[in-house]
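Quick caveat, the model's predicted, so the values are computed rather than measured.
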Amino acid sequence: MNYLNELNPAQRAAVEQLDGPMMVIAGAGSGKTRVLTYRVAHLINNGVDPFSILSLTFTNKAAREMKSRIGTIVGESESRNIWMGTFHSIFARILRIEADHLNYPRNFTIYDTQDTKSLLSDIIKQMGLDPKVYKPGVVYSRISSAKNNLISPEAYLQNSDVLAEDHQTGKPKLGEIYLAYKQRCFKAGAMDFDDLLFNTNVLLRKFPDILHKYQHKFRYILVDEYQDTNFSQYLIVKQLAAAHQNICVVGDDAQSIYAFRGANIQNILNFKQDYPDFGQYKLEQNYRSTQTIVNAANSIIAKNKDQIQKEVWTDNDQGSQIVVHRSYSDNEEGKFVAENIFEISTRQKKHHKDFAILYRTNAQSRSFEEALRKLNLPYRIYGGLSFYQRKEIKDLLAYFRLSANHKDEEAFKRVINYPGRGIGKTTIEKLVIAAGDHNVSLWEVITNPGTYRTGVNNSTQAKLNDFATMISSFASELDKQPAYEMGHLIATSTGLLKNLYDDKSPEGVGRYENIQELLNGMKNFSDQNDPDNPDRIFSLSDFLIDVALLTDADADDDDDNKISLMTIHAAKGLEFPVVYVVGLEENLFPSQLSLNSREDLEEERRLFYVALTRAEEIATLSYATTRYRWGNLTHAEPSRFIEEIDPKFLSLPTTPTPKGYSMDFTAERNKFAARHANKPSQPSAPPPGMKRATPSAANPIEASDANLIQPGNQVMHERFGKGKVLTVEGDPANKKATVFFPKVGQKQLLLRFAKLQILD
DNA sequence: TGGAATGATGTTTTT
DNA sequence: CATCATTCCA
């Protein structure tokens, strides 16, 4: 049990302060997770009851991993009982327990962004407002930021500053929408993501005995990624910690990248005021990256004004320079990265999982997917359209939700006529009007047609009755059956599964498979064991509790060995031996929308800092000079962030950046060539008087050249020098050659991108 | 009522 | 370029 010996003095000090408030400022790669893990283990080894430890993490996956690591030190039977998870999942759990205090049903639904937006556009329509002025997305973010600052609709409508602002932006009705939205959510027994935090605050403030209960339950509180907490989260933590003051927050101001969703650096500063006698620890030694990477990252972040002084350093090797690569188009960029990955993985014997491609926006993933697929390289995309947001998954989940909570309006509207059962727009409109008039739920209306006089005809009402009977029958079994059995029953008896099965289009097959995958997941879920209660059934209700808060990052990896593609936001907290930060162009990264204020730009810079510090050994920065953006070819300038790195850490592209028309033209030409790339075609000739720029980068090898290479040829390789081709094998698209190089020996090369020149 | 066809409209980043 | 939403027709 000498885990303490595995820590450096600063880390150890942070682990050994058991009681009282403390803040750990942890530079990138400084062993933050290790400190948190060992600290919790240390608490337990010093007699602290796991049940009284609350540990708030940024993702559920981080929580799971940390828990299992703690389990290896103190034993699984102990670690199991720690309250560890994201703010959202922990407080959703508490809200379920205390729901009746807030007059919410215990099995309240959690609305995701889609549900929320659809409800908002419904409200906007009903209020007779112009949806072009009141765009659901904009309205949502306004409401969201109000909630994160704990401004209720009532307070919103009385706040003259806020109202004046809305007036100025031409949206004076925002407050009323907010109020209506809150009422509709309440009526539907639903909370959105922000409500989980907002309502926890309400709960703790309105009911002192409940606050007292949790204050004494959670005698030790730890918060990870503290720099990314918002006011609402700050206040929850502050209230819970007030009694015992055993609060440990860990964060890095340089990695704060969630200001857009209300995260507030101020929370770190508040900490000093709230707990004047706090212990402060700075972890400054980086164990993750090479000196080059650490120092390059330092040279960027130094450009930010807002930061806490610290000096991240490392003992690691110097490592190689950071390669900056220029491509002529987004597709070329994809190709370059894919080929580079192939080369490094074969040459340096790296696993695919050692590689990550990080981008600013999800939309950028496409060119990389295509390029990786062409080379048969396995990859996994995190984020984007997550599994749980796919239509077919949401449809099935909507049945689950409606069975658990009949008032769930969004779920109701989603499935009332899917699969089609002859209940159309007109009927639904009538139902909605009746529900609105009597201030009851849609479910209430269809189950009591006599009371609410909907005006639907008898045959339609019969269909509604059938629907209601079906849902009720699910509801009565909900807690009695294991989740999988129930899920399967619902998928079949609603006709949803058959409906997808009958669709033989490729998309339809994919959807069917997705449903199967969801059901498989549920099988795993219901097969688990509760050691404390072997008879426990893991029901569909249990499954629903956390499904709304699951994200792609939480999905089981099945230890698969794949290249990771994700946004930089999603990469937070992760590390990879080889990292490509791509799309480093002005107006993309930094984003166009961030150029208006210093604060926003600094957040982008921190984001870049996060991206670069994910890399352990090799970091590559990449940009394209042209890129397709919403269908048009646009010209792009390299990102200012590249210039901001001290050039001594960089290996820059050698040829000068060509500008103007000729460039766009080249890209167009490459695009054309790419379209015909599969059939061996003549390399498109450069226009007269224009030399093809850096053929190696733009076009590693012409397809026709690859086909010409034969055993016996003398060839030239960029790095290996002269060599002789011994054998050529494989199908035309994937020809492999064995080449003997006098300098380095025998090599296997994939002709498609080994940069071979035929000499004879 | 349902489906297909057409047109507008939008790209940060996430629980 | 995609997706969505609305509209139009059977």
Side-chain angles (χ1 to χ4, degrees), chain A residues 56-63 85-92 110-114 116-118 121 125 131-132 135-138 140-141 144 147-148 191-198 225 228-230 232-233 256-263 330 358-367 382-386 388-389 391 417-429 456-457 459-460 463 546-554 566-573 583 587-595 600-601 603-604 606-608 610-611 627-634:
Chain A
L56 297 163
T57 58
F58 203 69
T59 63
N60 291 305
K61 191 183 176 195
T86 62
F87 271 91
H88 293 271
S89 61
I90 293 281
F91 295 112
I110 297 173
Y111 275 176
D112 67 11
T113 312
Q114 270 180 50
T116 296
K117 284 188 186 165
S118 124
S121 40
K125 216 182 294 167
K132 281 178 191 131
K135 291 177 189 156
V138 175
Y140 178 37
S141 68
S144 172
K147 281 185 187 165
N148 287 330
M191 298 192 197
D192 67 18
F193 293 133
D194 303 313
D195 286 332
L196 296 175
L197 306 175
F198 186 96
E225 309 282 9
D228 284 326
T229 53
N230 59 36
S232 185
Q233 293 167 321
S256 157
I257 54 175
Y258 280 94
F260 71 92
R261 102 181 184 205
D330 39 7
L358 307 181
Y359 35 76
R360 179 68 237 270
T361 65
N362 281 306
Q364 285 166 258
S365 69
R366 186 190 219 107
S367 60
Y382 294 79
L385 229 211
S386 101
Y388 299 99
Q389 285 166 20
K391 185 189 172 303
N417 196 34
Y418 180 80
R421 44 178 76 85
I423 299 166
K425 251 192 327 234
T426 331
T427 307
I428 294 170
E429 240 157 63
V456 303
N457 63 42
S459 73
T460 310
K463 291 174 193 162
D546 22 52
V547 78
L549 297 172
L550 286 181
T551 62
D552 259 16
D554 297 319
M566 63 183 94
T567 63
I568 299 161
H569 284 89
K572 182 165 137 140
N587 297 333
L588 179 60
F589 191 17
S591 147
Q592 197 162 13
L593 295 141
S594 73
L595 300 178
D600 288 352
L601 185 61
E603 174 146 322
E604 293 283 305
R606 290 192 297 268
L607 193 57
F608 183 51
V610 169
R627 176 177 297 277
Y628 272 87
R629 292 247 249 170
W630 44 89
N632 306 309
L633 189 71
T634 54

Subject >> Residues that A:T86 engages under side-chain hydrogen bond (donor to acceptor under 3.5 Å, both in side chains), provided they are two or more places apart >> reply: A:S89
**OP:** Write down the distance separating the C1' atoms in C:dA5 and B:dT12, rounded off to the nearest Å.
**Re:** 23 Å
**OP:** Go through the steps to decide whether A:L549 and A:F193 satisfy the test side chain to side chain contact (heavy atoms under 4.5 Å, CB included), and finish with yes or no.
**Re:** CA-CA 9 Å; A:L549 297 172; A:F193 293 133; 3.7 Å; yes
**OP:** Look at all strands and tell whether A:L197 reaches a base, only sugar-phosphate, or nothing, counting heavy atoms closer than 4.0 Å.
**Re:** nothing
Original post:
Any side-chain heavy atom of A:I568 within less than 4.5 Å of one from A:Y359?
Top reply: no
**OP:** Figure out the NZ/C1' separation between A:K125 and C:dA5, and round it to whole Å.
**Re:** 9 Å
**OP:** Would you indicate which nucleotide in B:dT13, B:dT1, B:dT15 comes nearest to any side-chain atom of A:F260?
**Re:** B:dT13
Original post:
With respect to the phosphate group of B:dT11, does any side-chain polar atom (N or O) of A:S591 fall under 4.0 Å of OP1 or OP2?
Top reply: no
Subject >> Closest-nucleotide ordering on DNA chain B, the 5'-leading residue of A:R629 and A:Y258 >> reply: A:R629
**OP:** Would you classify A:T113 as touching base, sugar-phosphate or nothing, given that sugar-phosphate means primed atoms plus P, OP1 and OP2, and contacts are heavy atoms under 4.0 Å?
**Re:** base
Original post:
How long is the line joining CZ of A:R261 and C1' of B:dT12, in whole Å?
Top reply: 14 Å
Original post:
Under the 5.5 Å and 30° test, is A:F87 stacked on the base of B:dT15?
Top reply: no
Subject >> Atom-pair distance (CD on A:Q233; P on B:dT14), nearest Å >> reply: 16 Å
**OP:** Mind checking A:K463 for me? I need base, sugar-phosphate or nothing, with any heavy atom below 4.0 Å counting as a touch.
**Re:** nothing
**OP:** Answer yes or no: does a side-chain N or O of A:T567 lie under 4.0 Å from OP1 or OP2 of B:dT12?
**Re:** no
**OP:** Check whether any side-chain nitrogen or oxygen of A:N632 sits under 4.0 Å from OP1 or OP2 of C:dC1, and answer yes or no.
**Re:** no
**OP:** For A:D112, answer base if it contacts any base atom (sugar-phosphate contacts may also be present), sugar-phosphate if it contacts only those atoms, and nothing otherwise; contact means non-hydrogen atoms under 4.0 Å.
**Re:** nothing
Subject >> Nucleotide nearest A:A363 (side chain, heavy atoms from C-beta), chosen from B:dG10, B:dT11, B:dT14 >> reply: B:dT11
Original post:
Would you say B:dG10 has OP1 or OP2 under 4.0 Å from some side-chain N or O of A:K135?
Top reply: yes
Subject >> Toward the 5' end of DNA chain B, by each residue's nearest nucleotide, A:D600 or A:S89 >> reply: A:D600
**OP:** Mind calculating the distance between NZ (A:K147) and C1' (B:dT14) to the nearest angstrom?
**Re:** 16 Å
Original post:
So what does A:K117 touch, heavy atoms closer than 4.0 Å: a base, only the sugar-phosphate, or nothing?
Top reply: nothing
Original post:
Between B:dT14 atom P and A:L358 atom CG, what is the distance in whole Å?
Top reply: 12 Å
Original post:
A:S365: what forms a side-chain hydrogen bond (donor to acceptor under 3.5 Å, both in side chains) with it, not counting sequence neighbours?
Top reply: A:E369
**OP:** Indicate, with a heavy-atom threshold strictly under 4.0 Å, whether A:R366 touches base, sugar-phosphate, or nothing.
**Re:** sugar-phosphate
**OP:** Measure from the side chain of A:N417, starting at C-beta and using heavy atoms only, and say which of B:dG2, B:dT15, B:dT13 lies closest.
**Re:** B:dG2
Subject >> Side-chain N or O of A:N362 closer than 4.0 Å to phosphate OP1/OP2 of B:dT14 >> reply: yes
Original post:
Closest heavy-atom contact between A:K117 and A:P136?
Top reply: O-CB, 3.9 Å
Original post:
CZ of A:F589 versus P of B:dT13: gap in Å, rounded?
Top reply: 12 Å
Original post:
Within a radius of less than 6.0 Å around CZ of A:R421, do more than 12 heavy atoms belonging to other residues, nucleotides or ligands occur?
Top reply: yes
Original post:
Which whole-number value in Å describes the distance from A:R421 CZ to B:dG3 C1'?
Top reply: 18 Å
Subject >> Length of the NZ-P vector between A:K425 and C:dA5, whole Å >> reply: 13 Å
